[in-house]
Amino acid sequence: MKTILFHPETDADAIPQAAAILRRGGLLGIPTETVYGLGADALNETAVRHIFEAKGRPQDNPLIIHVPDASWLERYCREVPETAYRLAERFWPGPLTMILPRRENVPLQTTGGLETVGVRCPDHPVTRAIIEAAGVPVAAPSGNTSGRPSPTTAGHMAEDMDGKIDGIVDGGPCAVGVESTIIDLTVTPPRLLRPGGLPLEALEEVLGTVAVDKAVTGLLKDGEKPRAPGMKYRHYAPKAPVTAVTGDPAHSALVIRGLLREKAGVICFDEFAGYFEGHIVHRLGPFTDKLAQAQRVFDALRTFDGTDVTEIFAQCPDDAGLGLAVGNRLKKAAGFHLIDGDAPVVIGITG
Ligand code: TXA
Ligand code: MG
């Protein structure tokens, strides 16, 4: 299959042509503020099945649906609580996915067999225009091959999907860089299933108490299931094994320097890049600039695959603000193989 690359900035036909691909059941790479998505008509079971095939994604891992505004919530969800509208009012369009009971018009193929559905309104004008023109909600997981780091540029999307999908819409690099925050509104108190581009603290301002699913911290015991099925898979992983080092950055930098062997790569804050001369280093940005870290974390993980590094060490930010999401992605890439840089012992290894 030839994958068409659309440039909506310079090509006025790009949006209607991209919408036509969705309407006829095709697969389309779409830009959002978080990561690029692999989109298809969420109501078309065949199209949705093709998403799973193109990604190599397990069928029990549900897809979220994308809508152009909150007025679409009622169409695809039952029993929409008042809190959903309050969250939408405050944070949509934006990096927040709400889990709500599904209506029967949303196929089980899309929800991975669940009676709930995740809904999000992305903050990218091109993608909202494409969804409105298509007139259907768009199911879109992150546009990576299953298990690889999520794509944050049209180029990443092409690396994984060129030749497998109908088109990719180039909307520039993603402004946030990590996926949406997922909040389950079907339980009390609401439960954070995945930290993401909207900080937990912002949700707490609106919701008060928020429970945090154990999968977020990686502290699931054997046999325990995360509530977001996707959180159980090893993820975001480059080919070389990753070790994530937490704690004060001055400590984590020293711990990493002590562990580096030849051909080890490093993901670090800008301030510490000089510690690792002679190694391939990807900078996340300054220690205090968590937005820069979010924007770069997937690119850093992804670009090691073009090199001959045999192991990767990553400095983790603290959990405040976007740090929770950035740290979660690094820890997941490490399969939760962690070292506490403040007391350098291995503090967790799980699947
Ligand atoms: O930012 C994002 O959310 C991106 C962009 C493209 O919008 N999409 C994305 O989709 O990250 P995906 O499929 O890669 O991650 C969605 C996560 C998965 O872990 C999935 O298991 C979980 O959401 N999920 C989807 N529907 C769910 C449901 N009904 N209940 C619980 N978890 C759900
Ligand atoms: Mg994903």
Side-chain angles (χ1 to χ4, degrees), residues 28-40 42 48 51-52 54-67 76-78 91-103 106-124 127-128 130-131 137-152 156-157 160-161 168-169 171 174-187 190-198 213 215-216 225-237 294 298 301 325 328-329 332-333:
L28 186 69
I30 49 171
T32 83
E33 81 284 25
T34 58
V35 301
Y36 275 71
L38 176 51
V48 167
I51 293 182
F52 285 93
K55 271 183 73 85
R57 176 167 171 128
Q59 299 274 341
D60 68 346
N61 190 358
L63 307 180
I64 64 174
I65 68 172
H66 296 69
V67 297
Y76 306 109
C77 305
R78 288 180 294 115
F91 301 122
W92 276 7
L96 176 66
T97 298
M98 300 190 244
I99 306 292
L100 293 163
R102 75 171 176 110
R103 276 194 198 281
V106 182
L108 288 170
Q109 175 82 50
T110 303
T111 67
L114 298 177
E115 288 304 330
T116 54
V117 60
V119 190
R120 150 166 142 80
C121 175
D123 190 10
H124 198 297
T127 287
R128 282 208 310 284
I130 292 170
I131 300 171
V138 173
S142 50
N144 50 291
T145 301
S146 203
R148 291 206 75 205
S150 299
T152 52
H156 291 164
M157 184 84 218
D160 285 16
M161 293 297 156
I168 297 173
V169 180
C174 298
V176 174
V178 291
E179 300 90 336
S180 61
T181 300
I182 304 181
I183 186 84
D184 185 351
L185 295 179
T186 68
V187 292
R191 182 180 290 263
L192 179 77
L193 302 187
R194 176 175 74 182
L198 182 73
D213 199 67
V216 171
K225 280 196 190 146
R227 311 272 174 119
M231 293 290 276
K232 74 179 173 237
Y233 300 104
R234 181 165 184 246
H235 228 142
Y236 311 130
F298 284 130
L301 288 166
N328 171 268
R329 302 310 186 269
K332 285 196 72 162

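Read the numbers this way: they start at 1 and go in the same order the structure lists the ligands and their atoms.
With a heavy-atom cut-off of 4.0 Å, His124 does not touch ligand 1 at all. Under 4.0 angstrom from ligand 1, the non-hydrogen atoms of Thr116 come from both its backbone and its side chain. Contacts between Thr111 and ligand 1 below 4.0 angstrom, taking non-hydrogen atoms only, are absent altogether.
Within the structure, ligand 1 lacks Pro95 among the residues with a heavy atom less than 4.0 angstrom away. Heavy atoms of Pro229 come nearer than 4.0 angstrom to ligand 1 in at least one pair.
Backbone and side-chain nitrogen or oxygen atoms of Tyr36 are examined, and none is located within less than 3.5 angstrom of a nitrogen or oxygen of ligand 1. The distance criterion of under 3.5 Å between nitrogen or oxygen atoms is met by Arg194 with respect to ligand 1. Ligand 1 has an N or O atom lying under 3.5 Å from an N or O atom of Asn61, backbone or side chain.
Under the side-chain hydrogen bond (donor to acceptor under 3.5 Å, both in side chains) rule, Thr32 has a single partner from His124, Arg120, His66, which is Arg120.
The CD1 atom of Ile51 lies 9.5 Å from the CD atom of Gln109; values are rounded to the nearest 0.5 Å. One distance of note links CD1 of Ile99 with CD1 of Ile183; it measures 9.5 Å at 0.5 Å rounding. Expressed to the nearest 0.5 Å, how far CD1 of Ile30 lies from OG1 of Thr127 amounts to 4.5 Å.
The distance from the Mg ion (ligand 2) to the nearest N/O/S atom of Asn144 is not under 2.8 Å.
Remark: the Ser142 side chain and the Glu179 side chain contain no N/O donor-acceptor pair separated by less than 3.5 Å. Side chain to side chain, Ser180 and Thr34 fail the donor-acceptor criterion of an N or O pair below 3.5 Å.
Using a distance-only test at 3.5 Å, with no hydrogens or angles considered, no donor-acceptor pair links the side chain of Thr152 to the main chain of Gly177. The backbone N or O of Asn144 sits less than 3.5 Å from a side-chain atom of Lys55, completing a donor-acceptor pair. Between the side chain of Tyr36 and the backbone N or O of Gly171 there is at least one donor-acceptor pair closer than 3.5 Å. Formation of a donor-acceptor pair under 3.5 Å by the Arg57 side chain with backbone atoms of Pro62 is found in this model.
Near Leu114, with a cut-off below 4.0 Å to any heavy atom, the atoms of ligand 1 are 28 (C), 29 (N), 30 (N). Numbered from 1 in the order shown, with element, the atoms of ligand 1 that lie under 4.0 Å from a heavy atom of Leu193 read 31 (C). Here is the list of ligand 1 atoms found below 4.0 Å of a heavy atom in His66: 5 (C), 6 (C), 7 (O). Of all the atoms in ligand 1, the ones that sit under 4.0 Å from a non-hydrogen atom of Arg227 are 31 (C), 32 (N). For ligand 1, the atoms sitting less than 4.0 Å from at least one non-hydrogen atom of Glu179 are 1 (O), 2 (C), 11 (O), numbered in the order shown with element in parentheses. Every atom of ligand 1 with a heavy atom of Ala140 under 4.0 Å away is listed here by number and element: 6 (C), 8 (N), 10 (O).
Closest to atom 12 (P) of ligand 1 by heavy atom, among Ser142, Pro101, Ser146, is Ser142. Here the shortest heavy-atom distance to atom 23 (O) of ligand 1, taken over Asp184, Ile51, Ile182, belongs to Ile182. Between Pro62, Gly196, Gly37, Pro31, it is Pro62 that holds the heavy atom closest to atom 27 (C) of ligand 1.
Residue Arg227 places its CZ atom among 12 or fewer non-hydrogen atoms of other residues, nucleotides or ligands, all under 6.0 Å distant.
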